[in-house]
Amino acid sequence: MESRYNPASIEPQWQQVWAEQKLDKTLEARDLPKFYALSMFPYPSGNLHMGHVRNYTITDVIARVYRMRGYRVLHPMGWDAFGLPAENAAIDRGVPPAKWTYANIANMRAQLQRLGLSYDWDHEVATCSPDYYRWTQWIFLQFLQAGLAYRKEATVNWDPIDQTVLANEQVDSEGRSWRSGAKVEKRLLRQWFLKITDYAERLLNDLDQLPGWPERVKLMQENWIGKSTGAQVVFKTEAGDELPVFTTRPDTLWGATFMVLSPEHPLVAKLTPPEQADAIQAYQTAAAAKSEIDRTAEDQEKTGVWTGSYAVNPVNGEPIPIWIADYVLMGYGTGAIMAVPAHDQRDFEFARKFKLPIRLVVQPADPTLDADTLSAAWSQGGVLVNSGPLDGLPAGKGAGQSVEAAIQWLEANGKGQRMITYRLRDWLISRQRYWGAPIPVIHCPNCGVVPVPEADLPVSLPENIELSGRGASPLTQLADWLTVPCPTCGTMAQRETDTMDTFIDSSWYFLRYADAQNQAQVFDPTKVNDWLPVDQYVGGVEHAILHLLYSRFFTKVLHDRGLLNFDEPFLRLLTQGMVQGLTYFNPRTGRWIASDQVNREDPKDPETGEALEVAYKTMSKSKHNGVAPGEVIEKYGADTARMFILFKAPPEKDLEWDEADVEGQFRFLNRVWRLVHEFAGRSVNPMAAALTKPEKDLRRAIHTAIQESSEDMQEGYQFNTAISEFMKLSNALNDFADKASPVYAEGITTLVKLLAPFAPHITEELWQILGNAESVHRQAWPQADPTALVVDEVPLVIQINSKNREVIQIPAGLDKEAQEQYARQSEAAQKYLEGKQIKKVVVVPNKLVNFVVV
RNA sequence: GGGAGCGUGGUGGAAUGGUAGACACAAGGCACUUAAAAUGCCUCGGCCCAAAAGGCUGUGAGGGUUCAAAUCCCUCCGUUCCCACCA
């Protein structure tokens, strides 16, 4: 009867049974409460890494617990399948991107299935499939109709040797093309944008509606949207041209002693007298040659050139010189600033370097500042001085303070107006790439930009192509594909050859999952409104900004188009930490060495014999750490891998993968295996009228495990402490003598059920060995019996002057006086209270009594 | 420079105002075994005492609030992440 726990044989066997029985099919019964559990879908790179395993295991446990609690659960999986790696692989190996991608999907799907993840594969989507991108294109047309998609010029990275557009990630830190090594140039192209800025205010405000999101993610989104309130003030040049500036500190306008324009500012040429022209042009050329990185680098010394012109400060009529400097960016605000050196550090450094005047307009009570001796800009509080109508006001942004007063004064005197700006830019979605969803528009010489009629969707991507990595997108070379009659006038016209940013594909996939196979519509609104919003979303914190913001934007737009009855897609969000692998580092050679080549006790470089440093690296980014999920699963089984990754650290924290610790989880599962096998087939005594003391204690242990692990799963998903509860229960069962007791039987079945969402295969096997025909995954999640949790006695801590002196057992639930009486009779009290005067007694019911004595 | 977080045994971590170190990993010892593996049992923050009993001390450092602080407040140190010449 006794058999060894052999995951390699039972796991695939049960996976097959579950697949045949469609155990993980999504329940559609409308009378059950719904739960939508979602993991961020992977890019099909070809292989699962430990970060994936962690992500999907977390969501799978949540989905399984909700099923056992009686919910109908949608738990789908799919593929974020468009993107650059497929093109790179195509160039390197001469395989068409589609073929490479689908092969990877097949491979990774098999790896996911091997982990025992309870997906309903009937809801699978792949963003590169025409069934999917047809609707991505349809949604783009919705944006176009809503006036939320438009074209404007924007720069791209241009490789002059390969004659191709490069993604930012294809440009190295020196500004060279990764493939040709050519110095990358900037080129202007007309490209498509989505007007996410129209939604900036809602995307910001609605963060308040997301109590189930981590605060730090909301804060990151808030910072990314970057709302700032201030004023627009128009300065005039001597020639009468207008130079609007945006400032968050309009109260310091009286302290503006010069202006700075971005070197690219369109008025620069006009402002420059001939004698300054050479200097200005030289500076502009130098600024243009600087890479983004150089220009935004920290501790960059201030540079700049005077244009030779002056502007008039509208609040006091003073002429102030106009400079250009590369620390002012054309892409932010108006590309021009008023400089207040006394109260802005960058302006201060600039003024000191070029000997420009500094005028104090905020004077704090202490220290008393003097513009001549100022060592840094004063950006803190104080009272306004030298500021005409604002003199004497407290500096600050609140009502009645200087900023608000300044805005009101500017508006009343017609010198400027209140203005709100956002750091958020419109979303550039054009990619000069092949492997993406084609933007469904046609350029007609007569009609201009014409949307492809919905009936003609999808605009399919020709799949059998060859990529060279040189020249323009292959779409521009395919005459058959490129040339089509204009849908409006019939003239021969050309298709748009840009494809969409892959972030578009992933901004709506969670909607399609609810109705993945719909051929007639993007989705049936009834189904989507039923399943959505997502109840629990799980993924890496690296997506905290872009993906989550774009998905929220899409959901709001589709809501406003009347397609959805909700406008926030994800109710609760869990951002899981990274998985890192143990590696060794040789500080002299700078080489990383995999852990399996090094003796842990005495890490030495296998080639040079030098001592090594221990380090952890992110699994997905390092090739040097030899731990792939495949090997671990082969050696210990999927259940052990799942248990380990959940037990090792709380889900939000980074996790260091160390194979030595995996053994511990394997041993725990083996112990459970033995416990159940030793029990199975035994006869169980009938329930006696009264439980013995050990039975009562065991019953309390059982129901404590239920109670605690259920709480751990409810609040914050503390899988690590939930598993430790299972271990405690297993230890209690192991120590329990009367194996024929009905309470012991209750403990065994409870343990198997509690463990089922975590280790689905071994529990299914053990459940069957216990004589059950139905799957353990169809059982109800155990309920804690409050009567079993009741304790007769509690430990009481006796403190004298807050120092622990003794622990005694007292009856539970005593009133304060009775509890104090027990405490007074304790040995510690007798010993330490003798001859002392009691100043105060603190009684915490069922916990402690503290005697404060002198 | 701005924002957020973290800092607890040899290690991962537990404890969110009330017995610090749950549950594990590693390590050491013992039992079983011809032996090994597996398994079971014991010890395991530091210091004092021959040992036990016991005592003192201990959650990055310093201070504060409280009968009571890993937990709350202030200052500093270290570290991680995000953003950043953002007007």
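Numbers restart at 1 for each chain; the letters A, B, ... are given by sequence-line order, proteins then strands. These figures come from a predicted structure and were not determined experimentally.
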**Study point:** Contiguous pairing runs of three or more, Watson-Crick or G-U under 3.5 Å, that involve RNA chain B
**Key:** B:1-7 with B:77-83, B:10-12 with B:23-25, B:27-31 with B:39-43, B:45-48 with B:54-57, B:60-64 with B:72-76

Check your understanding: How far does the C1' atom of G46(B) sit from the matching atom of C41(B), given to the nearest Å?
Key -> 27 Å

Practice item. Could you run through nucleotides 11-24 of chain B and give me one letter per nucleotide, 5' to 3': B if any protein heavy atom sits under 4.0 Å from the base, S if only the sugar-phosphate is that close, - if neither? Key: -BSS---BBS-BBS

Review point. Is K218(A) near enough to G3(B) that one of its side-chain N or O atoms lies under 4.0 angstrom from OP1 or OP2?
Key: no

**Study point:** Phosphate-side-chain proximity, R805(A) and G54(B), N/O vs OP1/OP2 below 4.0 Å
**Key:** no

Review point. When rounded to the nearest Å, what value does the distance between P atoms of A22(B) and C44(B) take?
Key: 11 Å

Using distance only, find each side-chain donor-acceptor pair of residues 643-655 of chain A under 3.5 Å and give its atom names and separation, not counting sequence neighbours.
unit_1  : atom_1 : unit_2  : atom_2 : d
K648(A) : NZ     : D661(A) : OD2    : 2.3
D654(A) : OD1    : M578(A) : N      : 2.8

Point to revise | side chain to side chain contact (heavy atoms under 4.5 Å, CB included) partners for H543(A), two or more places apart | key: M40(A), H547(A)

Check your understanding: For residues Y422(A) and T197(A), is any side-chain donor paired with an opposing acceptor at under 3.5 Å?
Key -> no

Review point. Quantified in whole Å, what is the C1' atom distance between nucleotide A14(B) and nucleotide G9(B)?
Key: 13 Å

**Study point:** A50(B) to G12(B) separation - P atoms, rounded to the nearest Å
**Key:** 35 Å

Practice item. Would you indicate what Y832(A) reaches in the nucleic acid, counting non-hydrogen atoms under 4.0 angstrom: base, sugar-phosphate, or nothing? Key: sugar-phosphate

Review point. Does a donor on one side chain and an acceptor on the other come within less than 3.5 Å for E817(A) and Q821(A)?
Key: no

Could you go through residues 841-854 of chain A and list every donor-acceptor pair under 3.5 Å that involves a side-chain atom there, pairing it with any protein atom two or more places apart or in another chain?
unit_1  : atom_1 : unit_2  : atom_2 : d
N846(A) : OD1    : G813(A) : N      : 3.0
N850(A) : OD1    : S802(A) : N      : 2.9
N850(A) : ND2    : S802(A) : OG     : 3.2

Practice item. Using a 90° cut-off around 0 for syn, call G9(B) syn or anti. Key: syn

Practice item. Spell out yes or no: do the side chain of K839(A) and the base of C67(B) have one donor N/O and one acceptor N/O closer than 3.5 Å? Key: no

Review point. Which value, in whole Å, describes the distance between the C1' atoms of nucleotides G1(B) and A84(B)?
Key: 8 Å

Check your understanding: Between R346(A) and C86(B), is there a side-chain N or O to OP1/OP2 distance below 4.0 Å?
Key -> yes

Point to revise | Gap in Å between the two P atoms, one belonging to C42(B) and one to C23(B), rounded | key: 12 Å

Practice item. Report which part of the nucleic acid R216(A) touches: base, sugar-phosphate, or nothing (heavy-atom distance under 4.0 Å, all strands). Key: sugar-phosphate

Study note, to complete from the structure: Residues at least two apart in sequence or cross-chain that pass side chain to side chain contact (heavy atoms under 4.5 Å, CB included) with D208(A), listed by chain then number, are none

Check your understanding: Distance between the P atoms of U8(B) and U59(B), in whole angstroms?
Key -> 11 Å

Practice item. Using the P atom as the reference point in each nucleotide, state the distance between A70(B) and A15(B) in Å, no decimals. Key: 15 Å

Practice item. For R425(A), report the nucleic acid contact type (base, sugar-phosphate, nothing); a contact means any heavy atom under 4.0 Å. Key: nothing

